[in-house]
Amino acid sequence: MDDRQRYDRATAQLDPPFAVLDLAALRSNASGMTRRAGGKPIRVASKSIRSRPVLERILAMDGFTGIMAFTLPEALWLASTGLRDILVAYPTADRAALAALAADTRAAQEITVMVDRTEHLDFIESAVADVRDRHEIRICLDIDAGYIALGGRFRAGARRSPVREADQAADLAADVAKRPGFRLVGLMAYEAQIAGVGDNPPGNTALTQAIRLMQARSRRELITRRGRIVQAVTQVADLEFVNGGGTGSIEKTTREKAVTEVAAGSGFFHPRLFDFYRDFTGRPAALFALPVVRRPAPGVVTVLGGGYHASGAPGPDRLPQPYLPCGLRYDPDEGAGEVQTPLLGQAAEDLRVGDRVWFRHAKAGELCERFATLHLIDGNEIVDQVPTYRGEGQTFL
């Protein structure tokens, strides 16, 4: 029985649209990630999962410790449900959430917030100033891991922190250390230009070579720079963790002595954007099904909805992939539509009204913003259904 038959049989009693999670694929992907990590722990990036029960399943597996959240309100909610060791990956300007953090004994013990400049520290102090009996706030420094060349004329990587050099990091660490109510516990540097950029894109040899050259030079530069930064910061504070990397760079980032843990999330679901890496493969685990509602012409079917574009620079790679049956493609004049999506190809000839087309989202967790429930498939049956954040009434961005 192929995957399409399994999924169709398992979900025969459901009316699409709906989303599923293939547990065998999830387990296989998780196992591959831990092998690549070489014994170092993987912190689970919640933005790529966005389902609390699925996070709990992953954290129950060997090799996964802690959560990387994307907002402080999310982290507060996760901590309130019993989840532990939560690093908020982005600075926050949420005064109410900061005050709640400072006032909550458990949350203050389990949550670490991100800063990359003294202005963040000033903002936090102002936000918690009126909190009586406030708790110490755990702090992590965010370091710019981007690659800069040609005298600054070329840059690759996400625009995050202004802190790039060891002396800058040490100065910021010293500022944290001298302020009462803060404790510096971690350092993070996310090399998006390696972890989030596939080095084996299809159909463009020149682009492939350029990406590989950039990534090789970036790795060499970052190994040295990150090591110096960690050495400088540890002169100021005893760090509990040094976090780096992502799904696309696990085996590379964990080789660095300075790094104690790697973050990853997309690898569990293995969305479309992660098909284009040389060093690892995964199994598509998170899918959504849309129903065929029209057959407007030979070789054409139309499904309901489908305009689930992924974030990032606009382009065809941000569209969901018509996955099963194989051989379907978008109408170039319509693409993926808000209310309907025409699909072209020979496979359309065998589809009838009411049949389903299975899609893969381009990115991981954004799929869960569209659905309240994930139906968990093992083999050819649904073994459970669990809420997404949306299904629990939670929206954080």
Side-chain angles (χ1 to χ4, degrees), residues 20-70 74-75 78-79 81-89 106 109-112 138 140 185-191 194-196 239-271 274 277 279-286 364-365 368 374-379 383-389:
V20 302
L21 182 61
D22 186 329
L23 292 180
L26 178 73
R27 291 190 294 265
S28 175
N29 293 339
S31 177
M33 292 163 71
T34 56
R35 284 195 302 272
R36 294 168 61 207
K40 287 188 178 180
I42 298 175
R43 185 180 291 272
V44 182
S46 65
K47 77 176 184 65
S48 299
I49 308 299
R50 304 194 197 206
S51 170
R52 186 170 56 87
V54 176
L55 283 171
E56 291 170 345
R57 279 178 176 264
I58 292 170
L59 289 167
M61 301 178 187
D62 290 339
F64 302 99
T65 304
I67 295 171
M68 178 175 283
F70 55 99
E74 178 207 12
L78 292 174
T81 69
L83 290 170
R84 305 184 59 189
D85 186 10
I86 306 166
L87 170 64
V88 182
R106 176 180 172 78
Q109 292 172 343
E110 301 297 344
I111 295 172
T112 302
R138 294 165 53 87
C140 178
V185 298
L187 188 148
M188 171 184 166
Y190 171 52
E191 54 269 40
I194 303 171
L239 298 179
E240 296 177 12
F241 63 86
V242 176
N243 181 280
T247 291
S249 72
I250 292 174
E251 69 286 345
K252 301 177 181 70
T253 305
T254 54
R255 292 186 194 131
E256 294 185 37
K257 292 181 180 180
V259 174
T260 66
E261 64 175 39
V262 66
S266 295
F268 297 105
F269 288 177
H270 196 79
F274 283 81
Y277 288 81
D279 292 339
F280 70 94
T281 58
R283 294 174 55 186
C368 289
L374 287 173
H375 300 276
L376 308 187
I377 294 178
D378 218 346
V383 295
D384 201 357
Q385 58 183 37
V386 298
T388 62
Y389 283 8

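Atoms considered below: every heavy atom in the structure, side chains included; atoms not considered: hydrogens, waters and symmetry mates.
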Task: side chain to side chain contact (heavy atoms under 4.5 Å, CB included) against Phe280, all qualifying residues, sequence neighbours excluded - done: Arg36, Thr247, His270, Phe274, Tyr277
TODO: Mind checking the CG-CZ spacing from Leu78 to Arg84? Nearest 0.5 Å is all I need.
DONE: 14.0 Å
Task: Minimal non-hydrogen separation, Ile49 against Cys368, with atom names - done: O-SG, 3.4 Å
Open item on the list: Are the side chains of Leu374 and Gln385 in contact, using a 4.5 Å heavy-atom criterion?
Closed with: no
Task: Partner residues of Arg27 under the side chain to side chain contact (heavy atoms under 4.5 Å, CB included) criterion, sequence neighbours left out - done: Leu23, Ala24, Met61, Asp378
Open item on the list: For Ser46 and Glu74, which I'm curious about, is there any donor-acceptor pair between the side chains at under 3.5 Å?
Closed with: yes
Open item on the list: Tell me whether Glu56 is salt-bridged to Arg52, with the criterion being a basic N under 4.0 Å from an acidic carboxylate O.
Closed with: yes
Open item on the list: Quick one, Phe269 and Leu21 - any side-chain contact, counting heavy atoms below 4.5 Å?
Closed with: yes
Task: Those residues that, when tested against Thr388, pass side chain to side chain donor-acceptor pair (under 3.5 Å) (two or more places apart) - done: none
Task: Donor-acceptor pair, side chain of Ser48 and main chain of Ala364, under 3.5 angstrom - done: no
- [ ] Determine, step by step, whether Thr65 and Glu261 satisfy the side chain to side chain donor-acceptor pair (under 3.5 Å) criterion, reporting the C-alpha distance in whole Å, the side-chain angles of both residues, the deciding distance to 0.1 Å, and the verdict.
- [x] CA-CA 9 Å; Thr65 304; Glu261 64 175 39; over 6 Å; no
Open item on the list: Whether the side chain of Ser249 engages the backbone of Gly245 through a donor-acceptor N/O pair (distance < 3.5 Å, no angle test) should be reported.
Closed with: no
Task: Side chain Asn29, main chain Phe268, donor-acceptor under 3.5 Å - done: yes
Task: Partner set under side chain to side chain contact (heavy atoms under 4.5 Å, CB included) for Ser31, not counting sequence neighbours - done: Arg35
Open item on the list: I'd like to check Val383 versus Ile377 (side-chain heavy atoms, cut-off strictly below 4.5 Å). Are they in contact?
Closed with: no
Open item on the list: Once side chain to side chain donor-acceptor pair (under 3.5 Å) is applied, do any residues pair with Ser51, and if so which ones, sequence neighbours excluded?
Closed with: none
- [ ] Compare every heavy atom of Met33 with every heavy atom of Gly267, then report the nearest pair and how far apart it is.
- [x] C-SD, 3.6 Å
Open item on the list: Less than 4.5 Å apart, side chain to side chain, heavy atoms only: is that true for Leu87 and Ile67?
Closed with: no
TODO: May I ask you to test the Leu187-Phe241 pair for a side-chain heavy-atom distance under 4.5 Å?
DONE: no
Open item on the list: I'd like to know if the side chain of Lys40 and the backbone of Val259 have a donor-acceptor N/O pair within less than 3.5 Å.
Closed with: yes
Open item on the list: Do Ile42 and Thr254 make a side-chain contact, defined as non-hydrogen atoms from C-beta onward lying under 4.5 Å apart?
Closed with: no
Open item on the list: Quick one: does any side-chain atom of Arg50 pair with a main-chain N or O of Lys47 as donor and acceptor, under 3.5 Å?
Closed with: yes
Task: Ile86 and Thr112, any side-chain heavy atoms less than 4.5 Å apart - done: no
- [ ] Start with the C-alpha distance between Leu239 and Val185, add both sets of side-chain angles, then the distance that settles side-chain contact (heavy atoms from CB on, under 4.5 Å), and finish with yes or no.
- [x] CA-CA 5 Å; Leu239 298 179; Val185 298; over 6 Å; no
Open item on the list: Contact between Ile194 and Lys252 at the side-chain level, heavy atoms closer than 4.5 Å - yes or no?
Closed with: yes
Task: Check ion pair Arg138-Glu110 (N to O, under 4.0 angstrom) - done: no
TODO: With sequence neighbours left out, write down each residue that passes side chain to side chain contact (heavy atoms under 4.5 Å, CB included) with Ala25, or none if nothing qualifies.
DONE: Asp22, Arg283, Ala285
Task: Check against side-chain contact (heavy atoms from CB on, under 4.5 Å), Asp62 and Thr34 - done: CA-CA 8 Å; Asp62 290 339; Thr34 56; over 6 Å; no
Open item on the list: For a side-chain contact (heavy atoms from CB on, under 4.5 Å) check, start with the C-alpha distance between Thr253 and Glu191, then their side-chain angles and the critical distance, and finish with the verdict.
Closed with: CA-CA 9 Å; Thr253 305; Glu191 54 269 40; 2.7 Å; yes
Task: Distance-minimising heavy-atom pair for Gly82 and Arg106 - done: O-NH2, 2.9 Å
- [ ] Begin from the C-alpha positions of Val20 and Leu376 and carry the test side-chain contact (heavy atoms from CB on, under 4.5 Å) through to its verdict.
- [x] CA-CA 6 Å; Val20 302; Leu376 308 187; over 6 Å; no
